[in-house]
Structure formats: structure tokens, C-alpha cells
Number of protein chains: 2
Amino acid sequence: MSEAPWIERAEQALAAAGRKRGGARRAVLELLDTQRCALTALELEDALRGRSERAVSRASVYRILQDLEGLGLVQRVETGQAMVRFERVCAPEEHHHHLVCDGCGLVMPFSDPALERAISSLSERVPLKVSEHEIVLHGSCRDCAA
Amino acid sequence: MSEAPWIERAEQALAAAGRKRGGARRAVLELLDTQRCALTALELEDALRGRSERAVSRASVYRILQDLEGLGLVQRVETGQAMVRFERVCAPEEHHHHLVCDGCGLVMPFSDPALERAISSLSERVPLKVSEHEIVLHGSCRDCAA
DNA sequence: CTTAATGCAAACCGTTTGCATTTCA
DNA sequence: TGAAATGCAAACGGTTTGCATTAAG
């Protein structure tokens with residue numbers, strides 16, 4: 001199941017949940033599908049309005065994201081910044097975490113197999129049935145550290 | 001420096017920063033000092049109001065926390081819940097991360113040396129001068145999983 | 001037709017700020 | 001006395017909701 005392209009899995013999951021298709025959600029799905037890293041709702045809205053893509057009202061952006069999150073298609077990323085970020089939940093190979101520059105707000109993805117091993121071994125020794133994990137490294141990016 | 005009790009270091013750092021002492025902040029410091037894990041501003045306010053402790057207005061709670069965060073005495077913890085949490089920054093031996101039950105909102109601390117090693121080795125290979133990291137495991141606690 | 005999707009504007013709510021007052025050094 | 005600390009209430013800003021409209025199946 002996770003081999004199918006994300007956007008297809010998404011449409012499928014939505015259909016399975018008895019949802020009807022709509023242009024706003026389709027536009028959000030398509031934009032999310034092109035993104036490497038987490039966006040805020042506002043960034044999403046602007047990206048959709050700015051380009052040729054279909055404009056989507058802010059309320060719909062939030063509703064759609066919330067909805068996709070509930071279906072496990074999107075996950076929220078908390079970076080310590082004012083706004084929450086969202087990104088698609090992708091195949092294990094693309095699983096990543098985030099670097100946040102506290103100076104300029106830049107957010108970058110990274111991944112590290114050793115870290116994942118540590119997390120997964122840890123997850124079995126902890127009093128919680130772990131379903132997901134989020135790791136954020138804070139610091140200064142190259143420009144800000146200079 | 002990190003061998004001194006946290007509350008003393010805090011008072012010291014505040015004095016060094018040219019701050020004057022005050023009852024509200026003192027009460028917040030004392031409460032934070034007794035806590036094992038992160039609290040929300042509201043929980044702090046309630047704890048101070050409820051008990052015999054000195055009541056502190058919500059605005060002051062936030063201002064004090066923000067202030068302490070700026071001095072590196074307190075850190076914020078984002079758990080994906082509505083409110084941000086705060087806890088004192090303690091000695092390395094007490095360094096920990098958080099387990100969050102998405103069912104009931106329970107937040108528990110945990111620590112894992114292997115994980116810390118993975119993080120610190122990773123921190124040197126990443127395009128960010130890492131100053132801190134935050135790890136949150138989400139899942140279901142024993143009661144909620146049952 | 002019946003239910004979901006969407007937009008708009010208003011409501012929410014955690015957090016911050018302005019301002020007047022008190023307290024500390 | 002001058003600067004910091006505090007409380008109160010109002011302002012903020014990201015997110016959510018209510019309601020009327022449109023569109024999918």
C-alpha cells in the first residue's frame with residue numbers, strides 16, 4: 001500500500017471514507033504532493049492563490065489538512081515557530097525529521113538511520129504504544145551562524 | 001555551574017541580567033523547581049492559585065516564562081496539544097524527552113543514552129549549528145491502549 | 001435528492017501587550 | 001528616585017466554526 005504514489009493513496013483513502021471529490025482538496029493534495037518539506041497553512045494558501053493553481057479559502061485549507069491528518073495522510077510538524085506546519089506522510093524511505101534555524105526560521109529535512117534505529121529500539125522499552133515520533137533540531141543555519 | 005541547584009542558578013542569572021526580585025517570579029521558580037515534567041502556563045497558574053502558593057496573574061506567568069526561556073533557564077516543549085508546555089532546563093543527567101498519549105493527553109518524561117549519542121553524532125553532520133533538540137514520541141498510554 | 005465540499009465572516013482561545021501601580025535596589 | 005515587576009483588561013493572530021451555497025454521487 002505504501003508503494004502507491006501518495007496522492008493516489010490519498011484519493012483512495014478519501015473515497016473509502018465516503019468522501020466526495022472537490023476542487024479545493026484536489027489542489028491541496030497536488031501541492032502537498034510536490035513538497036519536500038512541511039508548509040504552514042498560510043504558505044499553502046498563498047502558494048495556491050499566487051500561482052495558476054486554484055485558490056482555496058483558508059478555512060478549507062485548515063479543514064482539508066485536519067481531515068487528511070485524521071486519515072493519516074498528513075502529519076503536523078511543530079517547529080517552535082508561530083504556526084504549525086503540515087506535510088504528507090510518505091513512504092518509509094522518505095521518512096525524515098527537521099532542522100530549524102531559530103535565527104531566520106528556515107526549516108530543512110534530514111534523516112538518519114542510526115537515529116531511527118535508536119528510536120525504534122527505544123519505542124519497545126517505553127510505557128507507551130508508540131505510533132509516531134517527531135524530532136526537531138534547533139540551531140543556527142550557515143547564514144545565521146556567520 | 002550546572003552543579004548548583006536550578007533555582008539558585010536561576011536567581012543568579014536573573015541578578016546578573018540586572019533584574020530585581022519579585023514575588024510572582026519567585027513563586028513560579030519554586031513551582032517549576034518541584035516539577036519533573038513540563039507544565040502549561042495554565043497549569044502553572046492554577047497550581048499557584050489553588051494551593052497556598054502566591055497567586056500569579058496569567059500575564060505574569062507568560063512574561064516570566066518567556067523571560068526565563070530567554071535566559072536559558074526554561075525550555076518550551078511542544079507536544080502537539082493545544083498549549084505549549086514549559087519546564088526548567090536542568091543538568092545533563094536529568095536531560096529527557098517526552099512521551100505523549102494522544103488519547104488522554106498524558107505527558108511523561110523519558111531518557112535514553114543511545115538516543116542521545118545518535119543525536120549528538122548526527123548534530124555534527126548536519127548543515128546547522130545545533131543548539132538543542134526535542135524529541136516527542138506519540139502513542140497510547142497503557143490505560144488508553146487497553 | 002442526499003450528503004459532502006467550500007467560502008465567507010464571525011467566533012475561539014492561547015498568548016501578548018498597553019497601561020497604571022507597586023516594589024526593589 | 002529610576003528601573004523592573006505585576007495585574008488587569010484589551011488586543012493579537014493562528015485556527016476553528018456556523019451558516020448559506022454549490023457540487024458530487
Side-chain angles (χ1 to χ4, degrees), chain A residues 10-32 38-49 53-71 73-86 105 107, chain B residues 10-32 38-49 53-71 73-86 105 107:
Chain A
E11 295 282 24
Q12 224 170 299
L14 286 161
R19 305 309 183 48
K20 299 176 179 173
R21 278 177 288 173
R25 190 170 60 206
R26 179 71 198 178
V28 170
L29 287 174
E30 286 178 352
L31 180 52
L32 283 176
L39 295 181
T40 64
L42 191 55
E43 288 169 345
L44 249 160
E45 185 192 359
D46 287 347
L48 292 171
R49 186 191 315 304
E53 341 254 356
R54 181 188 190 296
V56 176
S57 76
R58 185 161 313 174
S60 294
V61 170
Y62 279 108
R63 262 189 299 236
I64 290 165
L65 288 172
Q66 187 173 292
D67 201 12
L68 294 175
E69 189 192 5
L71 293 168
L73 295 164
V74 155
Q75 67 192 130
R76 98 179 29 211
V77 178
E78 308 219 86
T79 58
Q81 298 168 137
M83 289 184 266
V84 176
R85 289 173 177 276
F86 300 84
V107 177
Chain B
E11 295 282 25
Q12 225 169 298
L14 287 161
R19 304 311 181 47
K20 299 175 179 174
R21 279 177 287 174
R25 190 171 59 205
R26 178 73 200 179
V28 170
L29 287 175
E30 287 177 352
L31 180 52
L32 283 176
L39 296 181
T40 65
L42 191 56
E43 287 169 346
L44 249 160
E45 186 192 358
D46 287 346
L48 292 171
R49 187 191 314 302
E53 342 254 355
R54 178 188 191 295
V56 175
S57 75
R58 185 163 313 174
S60 293
V61 170
Y62 278 108
R63 262 189 301 238
I64 290 165
L65 288 171
Q66 187 172 293
D67 203 11
L68 294 174
E69 189 191 6
L71 292 167
L73 295 163
V74 154
Q75 66 192 125
R76 102 181 22 216
V77 178
E78 309 218 88
T79 58
Q81 299 169 135
M83 289 183 266
V84 176
R85 289 173 177 275
F86 300 86
V107 178

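Chain identifiers are assigned alphabetically (A, B, ...) following the order of the sequence lines, protein sequences preceding nucleic acid strands; residue numbering begins at 1 within each chain.
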Q.
Without decimals, in angstroms, what is the distance between Gln66(A) CD and dG14(D) P?
A. 17 Å
Q.
Regarding Arg26(B) and Glu11(B), does a basic nitrogen lie under 4.0 Å from an acidic carboxylate oxygen?
A. yes
(Q) One character per nucleotide, please: for nucleotides 3-12 of chain D, 5' to 3', B when the base has a protein heavy atom closer than 4.0 Å, S when only the sugar-phosphate does, - otherwise. (A) BSSBBBB---
**Q.** Nearest-angstrom distance from the residue atom CD of Glu78(A) to P of dG14(C)
**A.** 15 Å
Q.
Rounding to an integer number of Å, can you tell me how far Leu65(B) CG sits from dT15(C) P?
A. 10 Å
Q | Verdict with supporting geometry, Thr40(A) and Leu44(A), side chain to side chain contact (heavy atoms under 4.5 Å, CB included) | A | CA-CA 6 Å; Thr40(A) 64; Leu44(A) 249 160; over 6 Å; no
Q) Quick one: does Val74(B)'s side chain get under 4.5 Å of Leu32(B)'s, heavy atoms only? A) yes
Q) Between Arg85(A) and Glu78(A), is there a side-chain N and carboxylate O pair less than 4.0 Å apart? A) no
Q) What are the two closest heavy atoms between Leu48(A) and Ala27(A), and how far apart are they? A) CD2-O, 3.7 Å
Q: Report the distance from atom CD of Glu45(A) to atom P of dG14(D), rounded to the nearest whole Å.
A: 11 Å
Q: Quantify the bending of the helix from dC1(C)-dG25(D) to dA25(C)-dT1(D) as the angle between its end axes, each fitted on five pairs, to 10°.
A: 30°
Q. So, for Ala10(A) and Leu29(A), which heavy atoms are closest and what is the spacing to 0.1 Å?
A. CB-CD2, 3.9 Å
Q. Can you tell me how far P of dG14(C) sits from CZ of Phe86(B), to the nearest Å?
A. 13 Å
Q: Look only at the side chain of Arg19(A) and the backbone of Ala13(A), and say whether a donor-acceptor pair between them is shorter than 3.5 Å.
A: no
Q: Taking all heavy atoms of Ala41(B) and all of Val61(B), pick out the closest pair and write down the distance.
A: O-CG1, 3.8 Å
Q) What integer distance in Å separates Arg76(B):CZ from dT16(C):C1'? A) 11 Å
Q | Minimum-distance pair of heavy atoms, taken over all atoms of Leu71(A) and Ala17(A) | A | CD2-CB, 4.2 Å
**Q.** Euclidean distance, atom OH of residue Tyr62(A) to atom C1' of dA5(C) [Å, nearest integer]
**A.** 19 Å
Q | Whole-Å gap separating C1' (dT16(D)) and CG (Leu42(A)) | A | 16 Å
